[in-house]
Amino acid sequence: MTEAADRLGPLLRHATRRLRAAGSATPEFDARLLVAECAGLPLGEVHSASDMIVMSGAAACLESRLTRRLAGEPVHRILGRRAFYEQEFELSPETLEPRPDTEILVDEARKAMSAIIDRRGDCRFADIGTGSGVIAVSLLALFPQARALAIDISAGALATACRNAEAAGVADRMLPVLSNYLAAAGGPLDLVLSNPPYIRSGDIPSLTVEVREHDPLVALDGGPDGLDAYRAIAAGLGAVLRPDGRVIVEIGIGQEDEVTAIFASQGLRLEVSTRDFSGVVRVLGFGRAEKPQSEREGIAL
């Protein structure tokens, strides 16, 4: 570095240059996040504080985190948290890092939950494969009338989800359940939600290093055809889902027809198909193929 390293501006420029030279897709943003963390500043104040003399050790802190980022560790893994929907969530090695695509699932679940609460006064739902709890906690924070089963096969993931629920003030309405899909879930449920593992086993080695080496394999690997989780979820619905209940799931690229067929085999019809920011069908919503009598007769639910 040719500029003084005791001011924030030179640190930010140094980090950006290093990341850009290494081929980072978002060097400016990653640099701002890391500099803000090491300098103890809110992200929005980084640029306006370029002349600020940073605390002792900030440069060493930044170099340490840059080394990790340049080795392929995602920036939010380095920070240990990520913003999602209207909350910020702690991450852990046992949890998938949440992506913006999953916010589309929360948007669709929000619409369904609002209608259920208008009709019933409350909503009991399950978040299968809850991970850090982003889906369950986001919805519980939006709807005080809702209660959630946060289901995961990882005790570590459930512990992370519980900490995030506590931080959001919704822990009293979220029950952590250590279970394989719906095996230990009690009904009746108004809504079943999931962002399950949907990547084909054979495609795992071709994933980016950020995903392949830092997201838990169990949250990625959907079996030989990527559809194992959908089969397991669909098979368990009969025992827990209300007759007028809904199911909303995130899917992988090009899986809409196969996932629709899986749920159709359990008597569920496709009601919602939502695309992500790239135009790819990413979220599917299902309801019972046979509607309740009141709905068939045109009675408002």
Under a 4.5 Å cut-off applied to non-hydrogen side-chain atoms, are [X] and [Y] in contact?
X: L66; Y: L19; result: yes
X: I251; Y: V283; result: no
X: D244; Y: R119; result: yes
X: V247; Y: F263; result: yes
X: L8; Y: D51; result: no
X: R120; Y: R242; result: yes
X: E94; Y: P216; result: no

Same cluster or not: are [X] and [Y] linked, directly or through other Ile, Leu, Val, Met, Phe, Trp or Tyr residues, by side-chain heavy atoms under 4.5 angstrom apart?
X: L139; Y: V170; result: yes
X: F143; Y: I248; result: yes
X: V35; Y: I78; result: yes
X: L284; Y: L241; result: yes
X: L96; Y: M174; result: no

Spatial distance of atom [atom1] ([X]) from atom [atom2] ([Y]) [nearest 0.5 Å]:
X: F286; Y: Q266; atom1: CZ; atom2: CD; answer: 12.0 Å
X: R32; Y: F29; atom1: CZ; atom2: CZ; answer: 7.0 Å
X: L91; Y: E97; atom1: CG; atom2: CD; answer: 6.0 Å
X: R246; Y: M113; atom1: CZ; atom2: CE; answer: 11.0 Å
X: D107; Y: S138; atom1: CG; atom2: OG; answer: 10.0 Å
X: D127; Y: S194; atom1: CG; atom2: OG; answer: 7.0 Å

Inset, instruction - Report, as yes or no, whether the 6.0 Å neighbourhood of atom CD1 on I253 holds more than 12 heavy atoms from other residues, nucleotides or ligands. - result: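 Counting other residues, nucleotides and ligands, CD1 of I253 stays at 12 neighbours or fewer.
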Between the side chains of [X] and [Y], is a donor N or O closer than 3.5 angstrom to an acceptor N or O?
X: T130; Y: D152; result: no
X: E250; Y: Y198; result: yes
X: E210; Y: H76; result: no
X: S92; Y: T160; result: yes
X: T274; Y: E108; result: yes

For a quick test of reading the model, state the closest non-hydrogen atom pair linking [X] to [Y] and the distance between them.
X: A232; Y: Y181; answer: CB-CD1, 3.5 Å
X: A22; Y: L70; answer: CB-CD2, 3.4 Å
X: S154; Y: A157; answer: OG-N, 3.0 Å

Legend entry - Partner set under side-chain contact (heavy atoms from CB on, under 4.5 Å) for P100, not counting sequence neighbours: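 For P100 the side-chain contact (heavy atoms from CB on, under 4.5 Å) partners, ignoring immediate neighbours, are R82, F277.
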Salt-bridge test for [X] and [Y]: reply yes if a basic N is under 4.0 Å from a carboxylate O, no otherwise.
X: R163; Y: E166; result: no
X: E73; Y: R212; result: no
X: R124; Y: D190; result: no
X: R110; Y: E103; result: no
X: R231; Y: D225; result: yes

Inset, instruction - Check whether any side-chain N or O of Q255 sits under 3.5 Å from a backbone N or O of G252 as a donor-acceptor pair, and report yes or no. - result: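 Such a contact is found between Q255 side chain and G252 backbone.
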Legend entry - Candidates R69, R20, R65 - the one meeting salt bridge (Lys or Arg N to Asp or Glu O under 4.0 Å) with D30: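 Exactly one pass, corresponding to R69.
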Legend entry - Sole candidate of V211, I104, D276, V134 that passes side-chain contact (heavy atoms from CB on, under 4.5 Å) when paired with R99: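 The passing option is V211.
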Inset, instruction - Anything under 30° is parallel, anything over 60° is perpendicular, the rest tilted; go ahead and classify F84 against F89. - result: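 Answer is perpendicular, since the angle exceeds 60°.
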Inset, instruction - I would like to know whether D221 and R200 meet salt bridge (Lys or Arg N to Asp or Glu O under 4.0 Å); could you show each step before the answer? - result: CA-CA 6 Å; D221 193 338; R200 296 177 181 85; over 6 Å; no
Inset, instruction - Give the C-alpha distance, both sets of side-chain angles, the deciding distance and a yes or no for salt bridge (Lys or Arg N to Asp or Glu O under 4.0 Å) between R81 and E88. - result: CA-CA 7 Å; R81 62 189 184 279; E88 187 170 68; 3.6 Å; yes
